[in-house]
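Remarks on the structure that follows.
Numbers restart at 1 for each chain; the letters A, B, ... are given by sequence-line order, proteins then strands.
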Number of protein chains: 2
Amino acid sequence: MSMYRIDFNDFFTSAFSVDCILFGYSEGEIKALLIKRAMQPFENLWAIPGDLIYPDEDLEQAAERVLFELTGLNNIAMHQSQTFGKPNRHPQGRVITISYFALLRIEDFEVKASSWAGDVQWVSLKNMPDLAFDHNHILSSTYEMLKLKLQNEPICFDVLPERFTLNEFQQLYEFAFEQAFDKANFRKKIKYIPLIAHDEKQQNVKHRPAKLFSFDKTTYEEATTQNRYTFKM
Amino acid sequence: MSMYRIDFNDFFTSAFSVDCILFGYSEGEIKALLIKRAMQPFENLWAIPGDLIYPDEDLEQAAERVLFELTGLNNIAMHQSQTFGKPNRHPQGRVITISYFALLRIEDFEVKASSWAGDVQWVSLKNMPDLAFDHNHILSSTYEMLKLKLQNEPICFDVLPERFTLNEFQQLYEFAFEQAFDKANFRKKIKYIPLIAHDEKQQNVKHRPAKLFSFDKTTYEEATTQNRYTFKM
DNA sequence: TAAATTATTGTCCAAATTACAATAATTAGA
DNA sequence: TCTAATTATTGTAATTTGGACAATAATTTA
């Protein structure tokens, strides 16, 4: 299987790839999952995991597959960000790339390098080295998109576990926006988000366990299509 | 020149197109500029203006060119929205399309059909017929993107004339969101947007002319990179 | 100079947001 | 069983923002 190695013969055709930006949070920092390229071009440079899309493959499906192949991460729901297509962004020909992203808690997953990737590592956004291709640019605009979507769409629930505590919910936003929120005010803010409260409680905690909630997608979609509610954080 | 007619031989290559959604406002309605397709597939159906991207062409540049070729509209700054790539969205092969949009006042421009387009027309969003390809879907998600960006990024200034009155500014938002805003409150809301006030005044008006402003991009970018300000409407 | 029209500013009230404090619930350990 | 520790949860008052509406200022035409 080729990776970024293709013939560019047809006048109107190009290659297209997906780049998968995985944002993770741990130790109070936002990090991105990078791979060390094991082949030319940009051999040994760090890069965003990405590869070409199969001809019969849906874009989102491609993003999930590529992420799995390069990092071993499975079943991560990816969100489309932007498409990058400067004619010379790839040294070997025209490759237009569609960036996808997801957000997760690093300690919940274990990544392993594939044969394509010499190494896989979480790198802090504050400490980003020079990356292959235009990946520094892709990374920073995708981070902006992540924040924009977290504020305007309920993508946080793709990231949180099926049942979550309100504190986990709050921490997600604190990590993504790198600021603390007042607990009481946070709960007032989310008052109108349709959540289902469960009777069970958080397990394995040393002190008072928190109540568990899940996102009420049905009610949410009813309310938005009827224009009674718009998600806003 | 081929339009949506290509060979799909290479395993990993596909065709890339741009679709240009032009939103216009007039008579209190949002309309989109559509063309009537003059060739197969979907001959005689209405569609969003779009065509394939040249191999040496930047994406945004392609969007501006395609819009010009199909409608005669020149020098419209286009904004990227989303990329659509379901494997079977084009009946003749794999075409991934990147949607671009812009917003303008219909009476400021005159469109003319090209040879590719049998007809060109502004169609109200509320009265949208069945379009070619997945263009109904593309159109409605791009409208959502337009609104999202108008609220979170200063793209309004790409749409407004270089020097504009605060009323023109307000009308833009009233059209896009299809609701009236209080004049006094609108001015309070925009208080922190960096604008340059000019001494000249609006021309050709029957009564007191309004002051002209322009967007202070330099100050805006300084303030945002230093995290002192974020655009919000 | 007056009338007409529109820009611009100001004020009040309601609602939302913020900061901060108090209380309730639960667990661990003595 | 009781107490200390910890965290969830609720409450309140102060501050800021947003919306409705009114008043004033500026300019053009006649």
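No side-chain donor-acceptor contact under 3.5 Å links A/Ser17 and A/Asp51. With no hydrogens or angles considered, a side-chain donor-acceptor pair links A/Gln170 and A/Glu174 at under 3.5 Å. There is a side-chain donor-acceptor pair under 3.5 Å between B/Asp19 and B/Thr97.
In terms of the salt bridge (charged side-chain N to carboxylate O under 4.0 Å, His left out) criterion, residue partners of A/Lys147 (sequence neighbours excluded) are, by chain and number, A/Glu144. Taking B/Glu168 as the reference, B/Arg105 meet the salt bridge (charged side-chain N to carboxylate O under 4.0 Å, His left out) condition, with sequence neighbours excluded. Here B/Tyr173 pairs with B/Phe169 under the ring-ring contact (aromatic ring centres under 6.0 Å, His included) rule; sequence neighbours left out.
B/Lys211 comes within contact range of the sugar-phosphate backbone alone, with a heavy-atom separation under 4.0 Å but no base atom that close.
For B/Asn185 against D/dA20, a side-chain-to-base donor-acceptor contact under 3.5 Å is present.
Rounded to whole Å, atom P of D/dG18 lies 13 Å from atom CG of B/Asp182. Following rounding to the nearest Å, B/Glu168 (CD) and C/dA7 (P) show an atom-to-atom distance of 10 Å. Distance, B/Gln171 CD to C/dA7 C1': 13 Å, rounded to whole Å. For the pair A/Gln170 CD and C/dT18 C1', the interatomic distance rounds to 14 Å; values are reported in whole Å. Atom CZ of A/Phe186 is separated from atom P of D/dT7 by 18 Å (rounded to the nearest Å). If you measure from atom NZ of A/Lys191 to atom C1' of C/dA15, you get 11 Å, rounded to the nearest angstrom. Here D/dG19 presents its P atom at 8 Å from CZ of B/Phe181, a figure rounded to the nearest Å. Between A/Lys189 atom NZ and D/dT10 atom C1' there is a gap of 19 Å when expressed in whole angstrom units.
Atom OH of A/Tyr192 sits in a sparse spot, with 12 or fewer heavy atoms from other residues, nucleotides or ligands closer than 6.0 Å. B/Lys232 NZ: more than 12 foreign heavy atoms inside a 6.0 Å radius.
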Identify each atom pair where a protein N or O and an N or O of nucleotides 13-15 of chain D are less than 3.5 Å apart, giving names and distance.
none

Identify each atom pair where a protein N or O and an N or O of nucleotides 27-30 of chain C are less than 3.5 Å apart, giving names and distance.
unit_1	atom_1	unit_2	atom_2	d
C/dT27	O3'	A/Lys206	O	3.0

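Toward the 5′ end of DNA chain D lies the nearest nucleotide of A/Ala184, the other residue of the pair A/Ala184 and B/Lys183 mapping further downstream.
Comparing D/dC21, D/dA8, C/dA19 by their closest approach to the side chain of A/Ala210 singles out D/dA8. You'll find that the side chain of A/Arg187 is closest to D/dT9, out of C/dA7, C/dG10, D/dT9.
Sorted by first and then second residue, the salt bridge (charged side-chain N to carboxylate O under 4.0 Å, His left out) pairs involving residues 207-221 of chain A (not counting sequence neighbours) form an empty list.
The side chain of B/Asn167 places no N or O atom within less than 4.0 Å of a non-bridging phosphate oxygen (OP1 or OP2) of C/dT6.
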